[in-house]
Number of protein chains: 2
Amino acid sequence: MKRPTLEVVAARAGVSKSSVSRVINGETTVAPQIRDVVMQAVHELGYVPNGAARNLVTRRTDTLAVVVSDPPQGVVSDDPLFSAVVRAVSRELETAGKRLVLMLAESDQSRTRVEQYIAGAHVDGVLLVALHGTDPLPAALSRQGLPVVSFNRTSSQDVPYVALDNAGGAALAVRHLLERGRRRIATITGPLELHEARERLDGYRHTLRDTGRRSIVALGDFTRGSGAEAMRQLLEDDPDLDAVFAANDLMAIGALRTLHQAGRRVPEDVAVVGFDDIEAASYTTPSLTSVRSPMADQATAAVHLLLSLIDGGPTDPVIMPNELVVRESS
Amino acid sequence: MKRPTLEVVAARAGVSKSSVSRVINGETTVAPQIRDVVMQAVHELGYVPNGAARNLVTRRTDTLAVVVSDPPQGVVSDDPLFSAVVRAVSRELETAGKRLVLMLAESDQSRTRVEQYIAGAHVDGVLLVALHGTDPLPAALSRQGLPVVSFNRTSSQDVPYVALDNAGGAALAVRHLLERGRRRIATITGPLELHEARERLDGYRHTLRDTGRRSIVALGDFTRGSGAEAMRQLLEDDPDLDAVFAANDLMAIGALRTLHQAGRRVPEDVAVVGFDDIEAASYTTPSLTSVRSPMADQATAAVHLLLSLIDGGPTDPVIMPNELVVRESS
DNA sequence: TCACTCTCGGGGAGCGATTTCTCGGGAACC
DNA sequence: GGTTCCCGAGAAATCGCTCCCCGAGAGTGA
C-alpha cells in the first residue's frame, strides 16, 4: 500500500523528476507532449505529492489554524454561534484551497501547546477567536511573526481584527425600544471582562444618556440561568420597567422565562430584545426580537483579511454592521 | 525572524545533531549532563522542531482529519449537535497530543479534494461523519488504506464505527408514551435516506407492533418547518391521535407550534417526544421531552476507537446507549 | 592486565519534494 | 554559413529532521 513517489512517476514517464514536478505545479515551460505523458503516468499510478516533503522545501503549508481561546466552561465554544463561525470559515478556506486546523485553548497548558504548534511552522497563519480582554494569546502569537487575525478587538494593538459593531447593535436595540414608546429600559449585561459585553453595555448607556434617560443595569454572564436571575433582580429593584435589552439571546431567553413566571406579559407589559439572533430565538414563545450578528459574514471577512495578510496585503481592521430582527417580543 | 534549526542548537550546545534529536524526543540513552546542556541551548534559542521535516522522516503527522460529509443544506453541520461533537473530539485529541484538521465535504468537488488531501499523507487517520446512506466517501477513504472510523453505521462494511442506538432510543420514547397511557401514537420521520432516520422509524414501528398497535407515519426532513407541516398532515389524517414521536427535536419544535396553533394542549391533548435533546429543547413552552443522544461520549468513543486502530488495535464497533429526558411535553 | 561487553555520542544516509543551474539544440539574425 | 539567443529538460543541491551503524571509552570478570 505504499504510495508512489515523484521518482517512480518520472521513471514510468521516462523523464526527469524535475519535469514531473513542473507538470504537477502547472508550470508553462513544459512541452505539451511531455506534459501528456507525465499526466498519463500520474493517473495510472494514482500519484499524489507527499505534503510533508513539499512543505519542507516550499515553507508553505496551505493550512491555517483557527484558535478558540476560551475558559473551560466554554463561553464561546458552547455558544450556538460557534458552529456557524467554524462552518463559514471552513467553506471560505475551502474555496481558497487552504486547510483548517482547529485548536481549542481552554487552559494555560493548552495555550502553551498552541504556541508550540504555531512555532513548529505547521501553519501559514492564525485566525484567533479570543474574547477575553486579558487573554495573553493574541500578543504571544503575533510575537511569533506569523500572520494573525483576531475575530474581535484585542488588547494587543498590533493584531488586525474583524469585529462586530457591538455598541452600534446595542444602540439599534435601544432606539427600537424607544420608538415603541418604552420609557424604563433595563439591560442585562454579559461578563464585563469580555470586550463584546462591555461594548454592548456602552452602546446601551450612551443611547439612553443621549435621550436623557437613566440606565438600569443587572449583571449576567451570557448564560441562560444568569439571564433569568438578573431579570428577577431587575423586577425587584424596579418593578415599573417596561423593556429589557439583554446582551445576548441566551440571557434574553432566561429573562423571558422569569417574566412568564412573574406573570408579566411580553411584549404588552415588558418588551424584550436580545443580541446575536441565534436559531433558538425564533423558537421561543413569544419569538424573540434580536440584533442579528452577521457571524458568517464576519468569518468570511476574517478569512479574507488573513489571506491578504499572508500575501503581504493591507491589514486594516474591519467592522461589521448588524441589523435588528423584529419579532413578537417587542 | 528565521527559526533556529536542530543543527544550530547542536553547535551551540557543542554536541551532535543526533544527541539533540535524542533529547528532544525524550530518549533515555543520553547522559544527564548532555541532556542539560542541550535543554539550555534549546531554551536560549527558543528552538521548536520543524514539523514538516519531522513528518517527512517519521511518516507520522500526529494529525487526524474530521470529515463532515453533508449536502450543502447542511443536515449535519447546521445541526446544534455539530459543535458539541467538534468540541468533544477536539478535547479528546488534545489530551492525546494530536491535532485536528476539519474538512466539510459538501459537494462532489470538495469530496475529491478531501480524498486528495488524505492521499497526500497529511493525516494519520480519519474520523468520518457521513449520515447519507449512499455516500461514496466512506468506501473511498477506507480504500486508501488509512485508518478510518465512522461516526455512524455506513453502507461500507469494512469501516469501523461508533453509532447511537437509534432504534433503542425510539423504543424508549414510544414505551414512555405507552406508559403514560397514550393509545394513538404517531411519528414524524427524518429523511429516510439517512441511516439514523430509518433506524428511529424502525424502533418506533417494532415497539408499536409488539403491543399490537398501528403505526401512524408522516415524513419530515429533520427541519423545523417539515415538522410543523407533518404535524398538520397528521392532525388532518388522524384527528384522534394523542401522542407524537418526532425523530429529532427540531421537528418536534415545529410540531409543538402547529399543535399550539390548532388549539391542542400539550401534553393534555397530545404528548410530544423529540430526539437528540438539543439545548433548545429545554427552552420551548412546554419544555420538550427528548431522547438524549450522548454526543460528547460518542465523540470520545470514536476518537478512542480511531487511536486504537492507528496503533493496530481492535476495531469492534461501539453502540452508545441513550436515555430519555422527561420534561413537560409528555 | 587483558579481553570482552556494554553505553553512549557522532557521522551520515536517507525521507520526497522544489528549485537553481547547466547545457544541448534549434531558431533567428546578420 | 556562422554566431547569438532562447527555450526546455536534466543533474544535483537543498530543506530539517530521524535513525541506523559504528567506534571510543568505561566497566567487569578472570
Side-chain angles (χ1 to χ4, degrees), chain A residues 1-42 45-63 116-124, chain B residues 1-42 45-63 116-124:
Chain A
M1 211 49 187
K2 195 160 165 4
R3 310 215 130 270
T5 71
L6 198 149
E7 192 151 12
V8 174
V9 176
R12 170 122 186 182
V15 301
S16 75
K17 297 196 303 176
S18 318
S19 298
V20 178
S21 175
R22 291 193 185 99
V23 171
I24 298 289
N25 293 294
E27 283 184 37
T28 51
T29 65
V30 50
Q33 96 224 30
I34 289 213
R35 208 192 72 91
D36 290 346
V37 78
V38 167
M39 288 304 271
Q40 170 96 8
V42 165
L45 295 168
Y47 171 73
V48 177
N50 178 299
R54 175 179 276 178
N55 297 163
L56 182 57
V57 44
T58 60
R59 311 182 154 286
R60 281 182 299 96
T61 61
D62 288 332
T63 301
Q116 289 275 317
Y117 183 73
I118 302 302
H122 294 268
V123 299
D124 298 342
Chain B
M1 211 51 187
K2 196 162 164 359
R3 309 212 131 273
T5 71
L6 204 159
E7 192 150 13
V8 174
V9 176
R12 171 124 185 178
V15 299
S16 76
K17 296 194 307 175
S18 316
S19 299
V20 178
S21 176
R22 290 193 185 98
V23 172
I24 297 290
N25 293 295
E27 283 183 38
T28 52
T29 67
V30 50
Q33 94 224 32
I34 288 213
R35 208 192 74 88
D36 291 345
V37 79
V38 168
M39 289 304 270
Q40 170 96 9
V42 165
L45 295 168
Y47 170 74
V48 177
N50 178 299
R54 174 178 278 178
N55 296 164
L56 182 56
V57 42
T58 61
R59 307 179 157 288
R60 280 181 299 97
T61 60
D62 288 332
T63 302
Q116 289 274 318
Y117 183 73
I118 303 300
H122 294 269
V123 298
D124 298 341

query: Do A/Asn50 and A/Arg3 have side-chain heavy atoms sitting under 4.5 Å apart?
result: no
d(CZ, B/Arg22; P, D/dT18) in whole Å: 11 Å
query: Can you check whether B/Lys17's main-chain N or O pairs, donor with acceptor, with B/Ser21's side chain at less than 3.5 Å?
result: no
- prompt: When all nucleic acid strands are considered with a 4.0 Å heavy-atom cut-off, which category describes A/Arg59: base, sugar-phosphate, or nothing?
  reply: sugar-phosphate
- request: State, with a plain yes or no, whether a side-chain heavy atom of B/Val23 is found less than 4.5 Å away from one of B/Val20.
  value: no
- line: When rounded to whole Å, the CG to C1' distance for the pair B/Asn50 and D/dT14 reads 13 Å
statement: Checking D/dT18, D/dA9, D/dA11 against the side chain of A/Ala31 (C-beta onward), the nearest is D/dA9
- prompt: Taking OP1 and OP2 of D/dG16, is either one under 4.0 Å from a side-chain nitrogen or oxygen of B/Thr5?
  reply: no
- line: Nearest heavy-atom contact between B/Leu56 and A/Ala53 is CD1-CB, 3.6 Å
Contact interval (first through last nucleotide) of DNA chain C with protein chain B, 4.0 Å heavy-atom: C/dC8 to C/dG16
- prompt: Looking only at heavy atoms, what is the nearest atom pair of B/Val38 and B/Val9, with distance?
  reply: O-CG1, 4.5 Å
message: If you only use heavy atoms from C-beta on, which nucleotide in D/dA13, D/dC19, D/dG8 is closest to the side chain of A/Lys17?
response: D/dA13
field: Shortest non-hydrogen contact between B/Pro4 and B/Leu45, atoms and distance
entry: CG-O, 3.5 Å
- line: Smallest heavy-atom separation, B/Val30 atom then B/Arg35 atom, equals CG2-N, 4.3 Å
- line: Across all chains, not counting sequence neighbours, the ring pair (Phe, Tyr, Trp, His ring centres under 6.0 Å) partners of B/Tyr117 are B/His122
task: Select base, sugar-phosphate, or nothing to describe what A/Asn25 touches, counting heavy atoms under 4.0 Å on all strands.
output: sugar-phosphate
message: In the structure I gave you, are the side-chain heavy atoms of A/Ile24 and A/Arg54 within less than 4.5 Å of one another anywhere?
response: yes
task: Could you state the atom-to-atom distance from CG of A/Asn55 to C1' of D/dC15 in whole Å?
output: 11 Å
- request: Provide, to the nearest angstrom, the distance between the CD atom belonging to A/Gln33 and the P atom belonging to D/dA9.
  value: 8 Å
- prompt: For DNA chain D, whose closest nucleotide is more 5', that of A/Val30 or that of B/Arg60?
  reply: A/Val30
- prompt: For the helix from C/dT1-D/dA30 to C/dC30-D/dG1, how many degrees between its two end axes (five pairs per end), to the nearest 10°?
  reply: 40°
message: So B/Ser19, base contact, sugar-phosphate only, or nothing? Heavy-atom distance under 4.0 Å.
response: sugar-phosphate
statement: Sorted by position of nearest nucleotide on DNA chain C, 5' first, the leading residue of A/Glu27 and B/Val57 is B/Val57
field: Interatomic distance where CZ belongs to A/Arg54 and C1' belongs to D/dT14 [whole Å]
entry: 17 Å
task: Tell me what B/Ser18 touches on the nucleic acid: a base, only sugar-phosphate, or nothing, going by heavy atoms under 4.0 Å.
output: base
- prompt: Within the structure shown, what part of the strands sits under 4.0 Å from B/Ile34 by heavy-atom distance: base, sugar-phosphate, or nothing?
  reply: sugar-phosphate
